[in-house]
Structure formats: structure tokens, C-alpha cells
Amino acid sequence: MREPGEHRRQRILAAVDRRGQARVTDLASELDVSVVTVRRDVEELAVAGKLARGHGVVRSMLPSAPQPPVRAKEAAVALVIPERHAYLDEAVNGARAALAAGGMRAVLHIAPRVAGAERPIAERVVAEGARGLLIAPRWRTADDEVADYQWLSELPVPVVFMERRPRAGSVLHAADSACTDHWYGMHLAIDHLAGLGHRRIVLAARDDSPTARTLRSAFVEIAASRPEIEDWAVTLSAPDARADPDVPAASPPVAELIRSVGATAAVMHSDVDALMLVQQLDEAGIRVPADCSVVAYDDVVAPLGVTPLTAVAPPKTEVGRAAAELLLARLAGPSRPRRVAVLPELKVRGSTMSV
């Protein structure tokens with residue numbers, strides 16, 4: 001199913017605002033749509049006064065963020081994030097502002113969508129003189145994550161993980177990190193639904209990030225521990241997602257699973273999948289929220305649905321700021337490693353109701 005146009009335009013706006021300007025052809029490639037589609041979106045955003053158009057180039061309308069004077073290459077730190085990962089845009093902005101306030105220039109590097117793409121980028125920027133590294137590896141699978149541990153631990157500059165938490169007991173256990181407390185986010189979602197009287201709940205999460213794996217683990221733990229939850233089930237939120245061992249290989253579509261379990265509520269990661277689920281449920285004759293309440297996880301575009309979605313909102317800007325502050329502290333001198341967990345919040349809208 002196609003990505004909603006409004007979501008695509010929000011992603012274009014976020015990308016241009018983050019970079020200051022971008023080429024239309026680059027945006028089309030990153031969003032995996034035609035140049036004509038991007039031009040139409042840019043036209044609409046320009047008419048709304050949100051972007052400025054040039055010949056093949058789109059420019060942000062935001063004032064340029066003041067940058068501290070950079071006297072030498074060593075005054076810069078590197079930010080490495082995955083390609084096409086709009087979730088991290090706010091975290092990047094939070095990190096950039098904190099680094100600027102600390103007298104450091106942030107240089108952004110985008111890792112392509114292939115396994116191991118971060119390593120050559122990180123090693124190159126360190127060789128070129130970056131003083132530290134803020135990184136959010138893609139880590140699509142648990143194996144991808146473990147494969148990166150050793151070389152990351154051997155980098156000769158301070159490394160701070162942003163919205164990533166290396167597993168306990170690993171060689172990176174003592175690495176600095178700032179991350180959303182996703183266990184608490186899932187607790188907020190289940191507690192809200194249980195408080196509304198829902199006793200049969202389904203979770204559908206992607207499997208292309210550590211966040212999805214954490215959410216599935218937290219859902220199973222929390223749902224199993226709450227005696228009022230009579231039944232629950234886990235599936236994948238998109239057909240192209242890869243299953244981890246805790247998800248059956250033949251995971252049924254979410255709407256089908258809701259019917260088979262008799263669920264009256266669903267938690268969906270991410271927002272786009274949640275918006276698509278609402279459409280699928282409507283086509284199947286299941287009304288949201290009258291027949292099934294839906295809680296989205298991410299809150300990037302959750303308010304934009306025909307039915308605005310109740311959503312767990314990770315503190316993305318605060319996570320980026322906290323990660324940058326950890327790196328600044330590390331650059332200032334010896335300090336104890338810290339693992340910062342920032343609590344998300346629940347934003348209640350129109351997609352949940354009592355039963």
C-alpha cells in the first residue's frame with residue numbers, strides 16, 4: 001500500500017529543514033518515489049509557505065541555526081544515522097543544538113540501507129579527525145547488531161549511542177548511550193487499554209530496528225503479567241518485515257489476527273502501519289474505535305489520520321540532546337559511563353475508547 005501523501009510531505013519537509021536544502025532528485029531517491037511525485041509535493045509545500053523552490057533544489061524556510069566558529073577539523077563530531085529513518089530527525093536536531101551550545105560542530109553522515117554500512121563511514125570520519133561519534137546503527141536484525149560490537153568498541157574516539165542500547169553483558173555494555181525507555185512506552189499503551197476495559201490485545205511491530213524487538217519483548221512480558229488481560233497475540237505489522245524467533249514465520253495479517261483472537265484493541269509500531277491498519281479494518285467492517293481501539297507507537301504522523309491516533313510519543317529531541325551531552329562530557333575529560341533512559345508519554349486522541 002502506498003505511503004500517505006501527507007506523511008511523505010512531512011518527511012520531505014523534515015529532510016529539507018534538517019539539511020537546509022536538498023535536490024529534488026535526491027529526495028525522490030531517498031523516498032523511493034518518482035521525481036514528478038516529489039515535485040508535486042514540493043509545489044504544495046511551497047504554496048503553503050513551508051519550503052522555497054529553486055531550479056531542481058528545495059530550500060528550508062527555517063532560519064539557519066547559528067554555528068560556533070570552527071577553527072580546525074578536530075572541533076567537529078560526527079553524527080551517523082540510517083538512510084530513510086525519519087524517526088531520528090528530531091533526535092538529530094536535539095543533538096545538533098546541544099553540540100552547538102557546547103562549542104562543537106556536528107557533521108551528519110547518512111548510512112545506506114545495507115548491512116554493515118556504518119563501519120566504513122565511522123572509520124573514515126575518525127581517520128579524518130572527528131573528535132567523537134554519535135551513532136544510531138540500523139541494526140535491522142539481532143545478528144547485525146552483534147556483528148558491529150567489536151569494531152565499535154575499538155574506535156579510538158568517544159562513541160555515544162543514540163536511541164540504541166547495546167545488550168547487557170556485551171563488550172559495549174559500558175558504552176555511553178541515550179535511549180527512550182521503550183518498556184515504559186509499552187507499559188503506557190497496555191495500561192491505557194486495560195484501563196478502558198480491553199482484555200484481548202494484539203501487538204503488531206516491524207522487525208527492522210532494535211526498537212521493534214524491544215517493544216515485542218516488553219509487550220509479551222507486560223501482557224503476561226497482567227491478570228486482567230485474557231488473551232494477547234503478536235504479529236508483524238508489515239508483510240516485508242522479517243520475523244525474529246519470537247514471532248511465527250507465518251504471521252497472519254493484523255486484521256485477520258484481530259478477528260481470530262477476538263481482540264478489541266491493537267498496538268501498532270509504527271504510525272504509518274497503524275494508519276494503514278485503520279484503513280484495512282474499515283474495509284473489513286471493523287470500526288475504529290467502536291469495534292477496535294488502536295494505539296500507535298512513534299507519534300510521527302499519528303495525529304494526521306482521519307481518526308487521529310492515540311500514540312506513545314518517544315522523547316526524540318530529548319534523547320538526541322542527552323546523547324550529545326554525554327559525548328560533550330566524555331570529550332571534556334574522564335567520566336563514568338552512563339546509560340540514560342528518557343521516559344516517553346502517551347497522547348490520547350480519538351482512536352481509543354472504553355468497551
Side-chain angles (χ1 to χ4, degrees), residues 1-11 33 185-208 212 215-216 218-220 222-224 226 228-243 246-313 346-355:
M1 189 174 294
R2 292 180 180 176
E3 176 181 42
E6 181 61 30
H7 178 234
R8 188 177 59 248
R9 287 186 285 276
Q10 289 292 329
R11 292 176 64 192
V33 297
M186 185 55 67
H187 161 76
L188 289 176
I190 294 177
D191 193 62
H192 173 66
L193 293 170
L196 293 173
H198 295 281
R199 300 294 178 257
R200 293 173 177 265
I201 304 173
V202 164
L203 167 71
R206 297 194 60 88
D207 182 36
D208 53 6
L215 292 178
R216 278 202 300 276
F219 177 85
V220 171
I222 296 168
R226 303 213 33 165
E228 71 271 37
I229 304 299
E230 298 172 0
D231 199 6
W232 49 268
V234 178
T235 189
L236 296 172
S237 60
D240 62 338
R242 253 185 281 177
D246 61 331
V247 180
S251 296
V254 186
E256 179 182 318
L257 183 61
I258 288 172
R259 284 193 184 278
S260 65
V261 174
T264 60
V267 181
M268 292 288 296
H269 174 250
S270 60
D271 287 2
V272 172
D273 291 323
L275 290 170
M276 295 170 67
L277 171 65
V278 172
Q279 298 174 20
Q280 295 164 8
L281 292 178
D282 183 65
E283 292 167 0
I286 302 173
R287 299 165 300 163
V288 173
D291 301 320
C292 182
S293 288
V294 174
V295 176
Y297 199 102
D298 276 358
D299 203 41
V300 176
V301 294
L304 302 180
V306 174
T307 300
L309 300 180
T310 294
V312 176
L346 181 73
K347 296 186 178 180
V348 178
R349 302 189 180 101
S351 64
T352 54
M353 64 179 293
S354 59
V355 292

- Would Cys292 and Ile258 satisfy side-chain contact (heavy atoms from CB on, under 4.5 Å), going step by step from the backbone distance to the final call? CA-CA 9 Å; Cys292 182; Ile258 288 172; 4.0 Å; yes
With distance as the sole test, does [X] use its side chain to make a donor-acceptor pair with the main-chain N or O of [Y] at under 3.5 Å?
{"X": "Ser293", "Y": "Met353", "result": "yes"}
{"X": "Arg226", "Y": "Ala194", "result": "no"}
{"X": "Asp231", "Y": "Arg200", "result": "no"}
{"X": "Ser351", "Y": "Val294", "result": "yes"}

- Message: Please evaluate residues Leu309 and Met268 with respect to the criterion side-chain contact (heavy atoms from CB on, under 4.5 Å), reporting the C-alpha separation (whole Å), side-chain torsions for both, the decisive distance (0.1 Å), and the verdict.
- Response: CA-CA 10 Å; Leu309 300 180; Met268 292 288 296; over 6 Å; no
In the structure I gave you, are the side-chain heavy atoms of [X] and [Y] within less than 4.5 Å of one another anywhere?
{"X": "Trp232", "Y": "Leu203", "result": "no"}
{"X": "Val312", "Y": "Met186", "result": "no"}
{"X": "Arg11", "Y": "Val300", "result": "no"}
{"X": "Arg216", "Y": "Leu236", "result": "yes"}
{"X": "Pro289", "Y": "Thr352", "result": "no"}
{"X": "Asp299", "Y": "Arg349", "result": "yes"}

If you measure from [atom1] on [X] to [atom2] on [Y], what distance do you get to the nearest 0.5 Å?
{"X": "Arg287", "Y": "Thr307", "atom1": "CZ", "atom2": "OG1", "answer": "11.5 Å"}
{"X": "Thr310", "Y": "Tyr297", "atom1": "OG1", "atom2": "OH", "answer": "15.0 Å"}
{"X": "Asp291", "Y": "Asp282", "atom1": "CG", "atom2": "CG", "answer": "10.0 Å"}

- Query: Do Arg9 and Glu6 sit within salt-bridge range, that is, some charged N less than 4.0 Å from a carboxylate O?
  - Reply: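 Judged by the 4.0 Å cut-off on N to carboxylate O distance, Arg9 and Glu6 do form a salt bridge.
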- Task: Would you please test Leu193 and Val267 for side-chain contact (heavy atoms from CB on, under 4.5 Å) and show each step?
- Result: CA-CA 9 Å; Leu193 293 170; Val267 181; 3.8 Å; yes
